[in-house]
Asker: 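I am attaching a structure below and will ask some questions about it afterwards.
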Amino acid sequence: MTKYIFVTGGVVSGLGKGIVAASLGRLLKLRGYKVAAQKFDPYMNIDPGTMNPTQHGEVFVTRDGAETDLDLGHYERFIDEDLTKFSNLTSGKVYWSVLNKERAGEYLGQTVQIIPHVTNEIKSFIVKNVEATGADVLITEIGGTIGDIESQPFLEAIRQFSLEVGRKNCLFIHVCLVPYISGSDEYKSKPAQHSTKELQAMGIAPDIIITRSDDDCGEAIRKKIALFCNVKEDCVIANTTADCLYEVPMMLHKNGLDRVVCRELGLKNKCDLTPWKAMIKDIHSRKGFTDIAIVGKYVALHDSYLSIVESLNHASYACHTNVRLRWVDSEEITAANVKEKLKGIQGVLVPGGFGIRGTEGMIEACRYARENAIPYFGICLGMQIAVIEYARNVAGIADATSGEFKKSGSHVIDLMPDQNGKKLGGTMRLGAYPCVIKEGTLMQKAYGAQEIEERHRHRYEFNNDFRDRLTDAGLVISGTSPDGVIVETVEAPSDAFFIGVQFHPEFTSRPNHANPLFREFVAAAKAK
């Protein structure tokens, strides 16, 4: 019988419910269980695909092409399992499905209501995830904060679900802020008590409470929370701020989380932390610093590039160096100041994005890196920037641009043929596609393979009308679709690492095995 764990949050948002869920998933996997993860987001968007990254952070893409919440990136990095389209559900997606069924007459004339129609739709998504993954344990995080109007149908659905599968097969974990009041030099349990009371009013009694604070709030506070929130004393688990994200599973294990979870659910396997401890040791053995600039248009919110930052960290573990990031707003870069903006930088990374804003600054950063033999790594839009820069400054196509930026000019990057007239949401080239690698290239050196598979999220691509002119000027097309039509990766003749990829390699990087391109990029920057 599959075991189900539901993670909720109280008092404030941003407590790290996703990290708790991901860490628990890793601990259960280290106990030998097949683990799947899932995120329910209360917002009304169908998915985060059309949301501005500065509002909600990055969009994480699953292997099967779903545009999802960034927490799914944490799940995949910690648990090291590919998630699916059933791993993220929003209120918008729920109501969209219910209303389409109503229009199709599937409810046979019934009055469509939150209960049972919306809650049944949510419950069916839980079941579909288990059917798709064959998981022994499914961990589902409920986004938002207890008390939000939007999350009520999700809470009602999981309350019903726990009755249907039996409480012995279901566990509720509630993550609460325990604030520190500096004036009185004490931690306060009252917010956690009120949050738990709110959850109980919804018919859900948490089995485990995770106390979130910067430092240990103390045993007395945890005992008080256990007493007033009606949970066992050893089921109040401390979650304090860690120096490194990947230390959280070990901290939660030390504080007894996986032990009490397994006890409550009747799971018995022992936890072997040996491989995770070895990885943490590598993290702390890094020496020196490697300075890398992320040149992008969404740098105001670093979560916009969360998977890229984590992938650079993973590469730093493999290369035994500390990556020191410099966030550079591409709108502020000009030909006159690019040297100053990138002074002291050992590597330049231009990530993905949409629209013309800030792209001229990216082109200047790319040019500076290429001409000064500074390792350059362009991802999605960053690859397109590399093609435009090379076309302008090497191939002599002065008006080179992208069809996304201008209607006029030489569109060395243009709209994919099948994208004309399509609506924006969920219609891009999404998910994993194969890429055939050319021999003797940086791509082959990185992957050591003739064919790979990486995840995509783009609407524009290399325009083959300019293929011969650019390759005659020295641009190397190092990766294509199996039929050779779609250009996946380009490289420029340089004394340093210089590569652009149309896909998003950051989505497949893991802390214990860095993506090959990030590893080679950081190694080249370190050598620089």
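The first residue in the sequence is number 1, and the count goes up from there. Small disclaimer: the values here were computed from a predicted structure and weren't measured.
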Asker: For atom CZ of Arg63, is the number of surrounding heavy atoms from other residues, nucleotides or ligands below 6.0 Å larger than 12?
Answerer: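 Incorrect, the count does not exceed 12.
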Asker: For a quick check under 3.5 Å, do Arg357 and Ser330 share a side-chain donor-acceptor pair by atom type?
Answerer: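 Looking only at side-chain atoms, Ser330 and Arg357 do not form any donor-acceptor pair under 3.5 Å.
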Asker: Apply side chain to side chain donor-acceptor pair (under 3.5 Å) to the pair Gln110 and His117, showing each step before the final yes or no.
Answerer: CA-CA 10 Å; Gln110 296 177 17; His117 302 98; 2.8 Å; yes
Asker: Do His174 and Thr196 have side chains that get closer than 4.5 Å, going by heavy atoms?
Answerer: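 The answer is yes, as the side chains (C-beta and beyond) meet within the 4.5 Å cut-off.
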Asker: Taking all atoms of both residues into account, what is the closest heavy-atom pair of Gly49 and Val59, and its distance?
Answerer: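 Heavy-atom minimum between the residues: CA-CG2, 4.2 Å.
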Asker: May I ask you to check whether over 12 heavy atoms, not counting those of Leu163, lie within 6.0 Å of atom CG?
Answerer: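 Result for CG/Leu163: enclosed.
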Asker: Please collect all salt bridge (Lys or Arg N to Asp or Glu O under 4.0 Å) contacts where either partner lies in residues 94-119, sequence neighbours excluded, each pair once.
Answerer: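 For residues 94-119: Lys101-Glu121.
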Asker: Around atom CD of Gln55, are there more than 12 heavy atoms from other residues, nucleotides or ligands closer than 6.0 Å?
Answerer: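 No - once you tally the heavy atoms of other residues, nucleotides and ligands closer than 6.0 Å, there are 12 at most.
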Asker: Quick check for you: to the nearest 0.5 Å, what is the distance between Leu138 atom CG and Ile126 atom CD1?
Answerer: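 Going from the CG atom of Leu138 to the CD1 atom of Ile126 covers 7.0 Å.
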Asker: Report yes or no: do Asp64 and Thr84 form a side-chain donor-acceptor pair below 3.5 Å?
Answerer: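 No - no donor-acceptor pair under 3.5 Å links their side chains.
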Asker: For the atom pair OG1 (Thr211) and CG (Asn239), what is the distance rounded to the nearest 0.5 Å?
Answerer: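 Answer rounded to 0.5 Å: 7.5 Å.
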Asker: Can a side-chain donor-acceptor contact be found between Glu156 and Gln152 if the only test is distance below 3.5 angstrom?
Answerer: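 On atom types as modelled, these side chains do not qualify, holding no pair under 3.5 Å.
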Asker: Can you find a pair of side-chain heavy atoms, one from Phe377 and one from Pro505, that are under 4.5 Å apart?
Answerer: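 Contact flag for Phe377/Pro505 side chains = yes.
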Asker: Given Ser307 and Phe60, is the side-chain contact (heavy atoms from CB on, under 4.5 Å) satisfied, shown in steps?
Answerer: CA-CA 8 Å; Ser307 289; Phe60 186 84; 3.8 Å; yes
Asker: How long is the gap from CD on Glu141 to CD on Gln38, to the nearest 0.5 Å?
Answerer: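 These two atoms lie 11.0 Å from each other.
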Asker: Does Asp207 form a salt bridge (charged side-chain N to carboxylate O under 4.0 Å, His left out) with Arg167? I'd like the steps, not just the answer.
Answerer: CA-CA 10 Å; Asp207 303 286; Arg167 287 294 279 119; 3.0 Å; yes
Asker: What residues form a salt bridge (charged side-chain N to carboxylate O under 4.0 Å, His left out) with Lys168, not counting sequence neighbours?
Answerer: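 Testing Lys168 for salt bridge (charged side-chain N to carboxylate O under 4.0 Å, His left out), a comparison that skips the adjacent residues, returns none.
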Asker: Go through it in stages, so that I can follow the logic: the residues are Asp136 and Arg31, the test is salt bridge (charged side-chain N to carboxylate O under 4.0 Å, His left out), and I'd like the CA-CA distance, side-chain angles, deciding distance and then a yes or no.
Answerer: CA-CA 11 Å; Asp136 300 315; Arg31 286 176 175 263; over 6 Å; no
Asker: Is it the case that the side chain of Glu461 and the backbone of Ile486 share a donor-acceptor pair, with hydrogens and angles ignored and the cut-off at 3.5 Å?
Answerer: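 Between the backbone of Ile486 and the side chain of Glu461 there is no qualifying donor-acceptor contact (under 3.5 Å).
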Asker: Counting C-beta onward and ignoring hydrogens, is there a side-chain heavy-atom pair between Leu349 and Phe518 closer than 4.5 Å?
Answerer: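 Touching, per the 4.5 Å side-chain cut-off.
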Asker: Apply the test side chain to side chain donor-acceptor pair (under 3.5 Å) to residues Thr90 and Asp41: give CA-CA distance (whole Å), side-chain angles for both, the deciding distance (0.1 Å), then the verdict.
Answerer: CA-CA 5 Å; Thr90 68; Asp41 279 304; over 6 Å; no
Asker: Output yes when a side-chain donor or acceptor of Glu404 lies under 3.5 Å from a complementary backbone atom of Gly355, and no otherwise.
Answerer: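 Side chain of Glu404 to backbone of Gly355, a donor-acceptor pair under 3.5 Å: yes, one is there.
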Asker: Does Glu76 reach the main-chain N or O of Leu83 with its side chain, forming a donor-acceptor pair under 3.5 Å?
Answerer: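 The answer is yes, because a donor-acceptor pair under 3.5 Å joins these two groups.
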Asker: Of all heavy-atom pairs between Tyr107 and Val112, which one has the smallest distance, and what is that distance?
Answerer: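 For Tyr107 and Val112, the tightest heavy-atom pair comes out as CD1-CG2, 3.6 Å.
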Asker: Check whether Glu164 reaches the backbone of Lys123 with its side chain - one donor and one acceptor, N or O, closer than 3.5 Å.
Answerer: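 Absent.
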Asker: For Asp234 and Arg259, what are the C-alpha separation, side-chain angles and deciding distance, and is it a side-chain contact (heavy atoms from CB on, under 4.5 Å)?
Answerer: CA-CA 10 Å; Asp234 67 349; Arg259 175 181 58 80; 3.6 Å; yes
Asker: Could you tell me the separation between the CD1 atom of Ile379 and the CG atom of Leu517, rounded to the nearest 0.5 Å?
Answerer: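 Here the interatomic distance stands at 8.0 Å.
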Asker: Are Glu488 and Tyr433 close enough that a side-chain donor and a side-chain acceptor fall under 3.5 Å?
Answerer: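 No pair is found: no donor N or O on one side chain lies under 3.5 Å from an acceptor on the other.
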Asker: Give, for atom CD of Glu506 and atom CD of Glu454, the distance between the pair rounded to the nearest 0.5 Å.
Answerer: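 Glu506 atom CD to Glu454 atom CD measures 9.0 Å (nearest 0.5 Å).
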Asker: Would you say Arg77's side chain and Pro511's backbone share a donor-acceptor pair under 3.5 angstrom?
Answerer: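 No; judged by distance alone, with no hydrogens or angles, the pair does not exist.
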Asker: How close do Trp276 and Arg26 get, counting heavy atoms only, and between which atoms?
Answerer: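 The pair with the smallest heavy-atom distance is CZ3-NE, 3.2 Å.
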Asker: Mind listing the closest non-hydrogen atom pair of Leu15 and Leu177 along with its distance?
Answerer: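 That closest heavy-atom pairing would be CD1-N, 3.5 Å.
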Asker: Tell me if a side-chain donor or acceptor on Arg455 pairs with a main-chain N or O of Val61 at a distance below 3.5 Å.
Answerer: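 Yes, Arg455 side chain to Val61 backbone: donor-acceptor pair under 3.5 Å.
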Asker: Considering all heavy atoms of both residues, which atom of Phe503 and which atom of Thr489 are nearest to each other, and what is their separation?
Answerer: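 So the minimum-distance heavy-atom pair works out to CE2-CG2, 3.6 Å.
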Asker: I'd like to know if the side chain of Lys29 reaches the main chain of Glu81, judged simply by a donor and an acceptor atom lying under 3.5 Å from each other, with no hydrogens or angles considered.
Answerer: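 A pair under 3.5 Å: no.
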Asker: For Trp327, does the CH2 atom have more than 12 heavy-atom neighbours from other residues, nucleotides or ligands under 6.0 Å away?
Answerer: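 Enclosed: over 12 neighbouring heavy atoms sit under 6.0 Å from CH2 of Trp327.
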Asker: Look only at the side chain of Lys297 and the backbone of Gly358, and say whether a donor-acceptor pair between them is shorter than 3.5 Å.
Answerer: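 Here the side-chain-to-backbone pair does not exist.
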Asker: Kindly determine whether Thr62 and Asn88 satisfy side-chain contact (heavy atoms from CB on, under 4.5 Å), including the steps that lead there.
Answerer: CA-CA 10 Å; Thr62 60; Asn88 196 196; over 6 Å; no
Asker: So, taking the atom named CD1 in Ile283 and the one named OH in Tyr317, what distance separates them when rounded to the nearest 0.5 Å?
Answerer: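 So the gap between those two atoms works out to 4.0 Å.
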Asker: Do Lys39 and Ser87 touch side chain to side chain, with heavy atoms closer than 4.5 Å?
Answerer: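 A side-chain contact is absent here, since even the closest heavy-atom pair is not under 4.5 Å.
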Asker: Measure up the His458 and His456 rings against each other and bin them: parallel (under 30°), tilted (30 to 60°), perpendicular (over 60°).
Answerer: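 Tilted: the ring planes of His458 and His456 meet at 30° to 60°.
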Asker: Taking the side chain as everything from C-beta on, heavy atoms only, tell me whether Glu67 gets closer than 4.5 Å to Leu430.
Answerer: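 Glu67 reaches Leu430 side chain to side chain.
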Asker: Under the salt bridge (charged side-chain N to carboxylate O under 4.0 Å, His left out) test, which residues partner Asp148, sequence neighbours left out?
Answerer: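 For Asp148 there are no salt bridge (charged side-chain N to carboxylate O under 4.0 Å, His left out) partners, ignoring immediate neighbours.
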Asker: Run the salt bridge (charged side-chain N to carboxylate O under 4.0 Å, His left out) test against Glu520 and tell me which residues pass, sequence neighbours left out.
Answerer: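 Partners of Glu520 by the salt bridge (charged side-chain N to carboxylate O under 4.0 Å, His left out) criterion, ordered by chain and then number, come out as Lys445.
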Asker: Using side-chain contact (heavy atoms from CB on, under 4.5 Å) as the criterion, point out the one residue from Cys380, Pro351, Ser311 that pairs with His504.
Answerer: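 Exactly one pass, corresponding to Cys380.
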Asker: Would you list the pairs meeting side chain to side chain donor-acceptor pair (under 3.5 Å) in which at least one residue belongs to residues 245-255, sequence neighbours left out?
Answerer: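 Every side chain to side chain donor-acceptor pair (under 3.5 Å) pair that includes a residue of residues 245-255, provided the two are not neighbours, is Tyr246-Glu310, Tyr246-His314, Glu247-His284, His253-Asp258.
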Asker: Whether the side chain of Ser285 engages the backbone of Asp282 through a donor-acceptor N/O pair (distance < 3.5 Å, no angle test) should be reported.
Answerer: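 Yes; judged by distance alone, with no hydrogens or angles, the pair exists.
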Asker: So, Thr133 side chain and Asn129 main chain: donor-acceptor pair closer than 3.5 Å or not?
Answerer: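 Yes, the answer is positive, given that a donor and an acceptor are paired below the 3.5 Å cut-off.
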Asker: Which atoms form the tightest heavy-atom contact between Ala514 and Ser509, and what is the distance?
Answerer: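 Of all heavy-atom pairs spanning Ala514 and Ser509, the closest is CA-OG, 3.7 Å.
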Asker: With a 3.5 Å cut-off and sequence neighbours excluded, list the donor-acceptor pairs that the side chains of residues 215-231 form with protein atoms.
Answerer:
| from | atom 1 | to | atom 2 | distance (Å) |
| --- | --- | --- | --- | --- |
| Asp216 | OD1 | Gly218 | N | 3.0 |
| Asp216 | OD1 | Arg222 | NH1 | 2.5 |

Asker: Would you please test Phe78 and Leu245 for side-chain contact (heavy atoms from CB on, under 4.5 Å) and show each step?
Answerer: CA-CA 10 Å; Phe78 276 75; Leu245 202 61; 4.1 Å; yes
